[in-house]
Amino acid sequence: MHLAGGFGAYLRPASALAIGLLPPVLAGKVHAVGNTALKGALLAISRSTAIDHCARIAQAVEWIDLASDPEFQM
């Protein structure tokens, strides 16, 4: 699992697990990847095959909207 965006840039997965932000089952499976939108944009303009690769990744992504989860708000 990749932790992206603001969380991926500033929150350590171990800290997120320790405070209960992420469930214990994800211990050792979460990797902070920082600003993935910027990395993807740079990759897309620098490699001709990157657009196809990005499209395949986009099809496999599971997006989770934590802000709409009542338990996350608690």
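We use all heavy atoms of the structure for the numbers below, so side chains are in, but hydrogens, waters and symmetry mates are not. These figures come from a predicted structure and were not determined experimentally. For reference, positions follow the sequence shown, starting with 1.
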| query | I64, V30: one ILVMFWY side-chain cluster at the under-4.5 Å cut-off? | reply | yes
| request: Grab the two heavy atoms, one from A27 and one from L17, that are nearest each other, plus how far apart they are. | output: CA-CD1, 3.6 Å
| query | F72 and L21: which non-hydrogen atoms are nearest, and at how many Å? | reply | CE1-CD1, 3.1 Å
| said: Looking at every heavy atom in both A32 and P13, which two are closest together, and how far apart are they? | reply: N-CG, 3.8 Å
| query | How close do H2 and V33 get, heavy atom to heavy atom, and via which atoms? | reply | CD2-CG1, 3.3 Å
| request: Say whether I19 and V25 are linked into one hydrophobic cluster, either directly or through other cluster members, by side-chain heavy-atom distances under 4.5 angstrom. | output: yes
| In chain order, what residues pass the side-chain hydrogen bond (donor to acceptor under 3.5 Å, both in side chains) check against D65, with sequence neighbours excluded? | S68
| query | Are V61 and I51 connected in a single hydrophobic cluster, I mean Ile/Leu/Val/Met/Phe/Trp/Tyr linked by side-chain heavy atoms less than 4.5 Å apart? | reply | no
| K29 versus H31, closest heavy-atom pair with distance | O-CD2, 3.8 Å
| request: Return the minimal non-hydrogen interatomic distance between L11 and L3, and the atom names on each side. | output: O-CD2, 4.2 Å
